[in-house]
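Within every chain, numbering begins at 1; the chains are lettered A, B, ... in the order of the sequence lines, protein sequences first and strands thereafter. Everything numeric in this text was worked out from a predicted model, so none of it was measured. Values reported hereafter were calculated over all heavy atoms of this structure, with side chains retained and with hydrogens, waters and symmetry mates removed.
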Amino acid sequence: MEIAMDVSLDPTLGCGQAHRWRKTADGWQGVLDNSVVTLTQTPGGFRCEGAVSKRKILEYFRHGDDLAAIYENISASDGYLASVAEACPGLRLLRQDPWECTATYILAVNANVKRIISMVESVCDEFGRDLGALRAFPTPGEILDGADRIAVCKLGYREKRFVDFAGAVEDGDVDLGAIGEMDYAGCREALKEIHGIGDKVADCISLFAFGHMESFPVDARIKAILRDVYGVEGTYAELADFGRRSFGDYPGYAQELLYHAKAVSLVQAQSGGSRPVSTL
DNA sequence: CATCAACCTGATCA
DNA sequence: ATGATCAGGTTGA
């Protein structure tokens, strides 16, 4: 199936917002709507091999986002971001499944990308349904049914949080559908009620699963960029607010671009690290 | 309300 | 080789 879209698969699937995409010789392989799919870049978008509906693909890649308009808006807000946007065309935010996104970001706490991937994969290997080349991300029920085997996944102090979250979803104590109906502030607060979810993870889930564009997650990397490039330091709330009022109408996209720019070492080339550091 | 040590695990660095 | 430090934070005091 051919998908026409303004998108670059490499930064979009490889930037760390989703944790199960792997670049193989054939293209990007992952699981979408419980089907194994392989995505290959084309000039006008990408080709998708696998049993998934076009509707699901378009939804996952946030087809409605007008990337040109978003990049233009962001670029007008800030010179550094303009250079980042120009250097990284086609980076899209994804709309991830709320359950999987929340569960994986509970695992992502205080761990590097490699470790996050290893934890997510081990959870899929241990509990997920066999889909052929890959396994599905497990359902809450599948995790609870095999909870006595959870130790093999080596989740550390995330283990109890992960199983407890599965139980809360299964029991209806956490209603992700209802959280999806909330505005950004409500969504964020509701997510923070869940043990193991703090400011940063709540913002990631608000952005990557619930599509709240005003979310500006501040992790260690973003914090370093705000300090080194913008000379800003402060508490989580202060830094997130700085991001929200500084980068146009799409703070979430701005955050993802800044994050990716750091990944490709643009910060050193652009900042020079000469600006004074101030507090808010 | 801000600060801070403790926390599982695995990788890197001295 | 073996210990310190750190990595996409959160919690609880």
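- B:dC8 and C:dA13 have their P atoms separated by 15 Å, with the value rounded to a whole Å.
- Side-chain contact between A:Ser246 and A:Asp78: absent, with no pair of heavy atoms (C-beta onward) separated by less than 4.5 Å.
- Expressed to the nearest 0.5 Å, how far CG of A:Asp33 lies from NZ of A:Lys56 amounts to 4.5 Å.
- A cation-pi geometry, defined here as NZ or CZ lying under 6.0 Å from the six-membered ring centre and within 45° of its normal, holds between A:Arg221 and A:Tyr259.
- In this structure, the separation between CD on A:Glu49 and CE on A:Met1 is 9.0 Å, given to the nearest 0.5 Å.
- Atom OG1 of A:Thr38 and atom CG of A:Asp26 lie 6.5 Å apart (nearest 0.5 Å).
- Between B:dC4 and C:dC6, the distance separating the two P atoms is 16 Å to the nearest Å.
- Open room surrounds CD on A:Glu72; 12 or fewer heavy atoms of other groups in view lie less than 6.0 Å from it.
- Between A:Arg20 and A:Glu121 there is a salt bridge, since at least one side-chain N of the basic residue sits less than 4.0 Å from a carboxylate O of the acidic one.
- Comparing the same atom, P, in C:dA4 and in B:dC7 gives a spacing of 15 Å after rounding to whole Å.
- Taking atom C1' in both B:dA2 and C:dG12, the straight-line distance is 14 Å, to the nearest Å.
- We find that CE of A:Met119 is positioned 10 Å from C1' of C:dA7, with the value rounded to whole Å.
- In this entry the distance linking CG of A:Leu107 with P of C:dT10 reads 13 Å, nearest Å.
- Distance A:Asp219 CG to C:dC6 P: 17 Å, rounded to the nearest Å.
- Taking the six-membered ring where the residue is Trp, A:Phe137 and A:Phe162 present perpendicular rings, their angle passing 60° and hence far from 30°.
- One atom, CG of A:Leu226, and another, P of C:dG8, lie 16 Å apart when rounded to the nearest Å.
- Classification of A:Arg161 and A:Asp164 as a salt-bridged pair fails, no side-chain N sitting under 4.0 Å from a carboxylate O.
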Would you be so kind as to tabulate the donor-acceptor pairs closer than 3.5 Å made by side chains of residues 171-181 of chain A, with sequence neighbours excluded?
{"residue": "A:Asp175", "atom": "OD1", "partner": "A:Gly177", "partner atom": "N", "Å": "3.0"}
{"residue": "A:Asp175", "atom": "OD1", "partner": "A:Ala178", "partner atom": "N", "Å": "3.1"}

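- Taking CZ of A:Arg92 as the reference point, atom CZ of A:Arg62 lies at 8.5 Å (rounded to 0.5 Å).
- Each of C:dG8, B:dA2, C:dT10 was ranked by its minimum atom distance to the side chain of A:Val109; first place goes to C:dT10.
- Of the inter-residue distances, the one linking A:Asp97 atom CG with A:Thr102 atom OG1 reads 8.0 Å to the nearest 0.5 angstrom.
- Atoms CD (A:Glu238) and C1' (B:dT3) sit 14 Å apart, rounded to a whole Å.
- Within residues 153-169 of chain A, the residues that place at least one heavy atom under 4.0 Å from DNA chain B are, in residue-number order, A:Lys154, A:Gly156, A:Tyr157, A:Arg158.
- Note on ring orientation: taking the six-membered ring where Trp is involved, the planes of A:Tyr80 and A:Tyr230 are perpendicular (angle over 60°, cut-offs 30° and 60°).
- Note on A:Ala220: only backbone sugar-phosphate atoms sit closer than 4.0 angstrom, heavy atoms only; bases stay farther off.
- Taking OG1 of A:Thr104 as the start and NE2 of A:His19 as the end, the distance is 5.5 Å to the nearest 0.5 Å.
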Sub-3.5 Å pairs of nitrogen or oxygen atoms, protein against nucleotides 11-14 of chain B:
none

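- Looking at A:Tyr105, its side chain has no donor and acceptor atom pair within 3.5 Å of the base of C:dG8.
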At a cut-off of 3.5 Å, list every protein nitrogen or oxygen paired with a nitrogen or oxygen from nucleotides 2-4 of chain C, distance to 0.1 Å.
none

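- Taking the P atoms as reference points, C:dG9 lies 24 Å from B:dC1, given to the whole Å.
- Between the side chains of A:Asp65 and A:Tyr253, a donor-acceptor pair is found at a separation under 3.5 Å.
- Atom P of nucleotide C:dG9 and atom CZ of A:Arg221 are separated by 10 Å, given to the nearest angstrom.
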If you write DNA chain C from 5' to 3' in dot-bracket form, with Watson-Crick or G-U pairs under 3.5 Å, [ ] for crossing pairs and | for pairs with another strand, what do you get? .||||||.|||||
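- Non-hydrogen atoms lying under 4.0 Å from DNA chain C are contributed by A:Ile194, A:His195, A:Gly196, A:Ile197, A:Gly198, A:Asp199, A:Lys200, A:Val201, all within residues 192-201 of chain A.
- For the 3.5 Å distance criterion, the side chains of A:Arg188 and A:Tyr184 qualify, holding a donor opposite an acceptor.
- Remark: C1' of C:dA7 and NZ of A:Lys223 are 13 Å apart, rounded to the nearest angstrom.
- Note on ring orientation: taking the six-membered ring where Trp is involved, the planes of A:Phe61 and A:Phe46 are tilted (angle from 30° to 60°).
- Separating the CG atom of A:Asn110 from the C1' atom of B:dG10 is a distance of 12 Å, rounded to the nearest angstrom.
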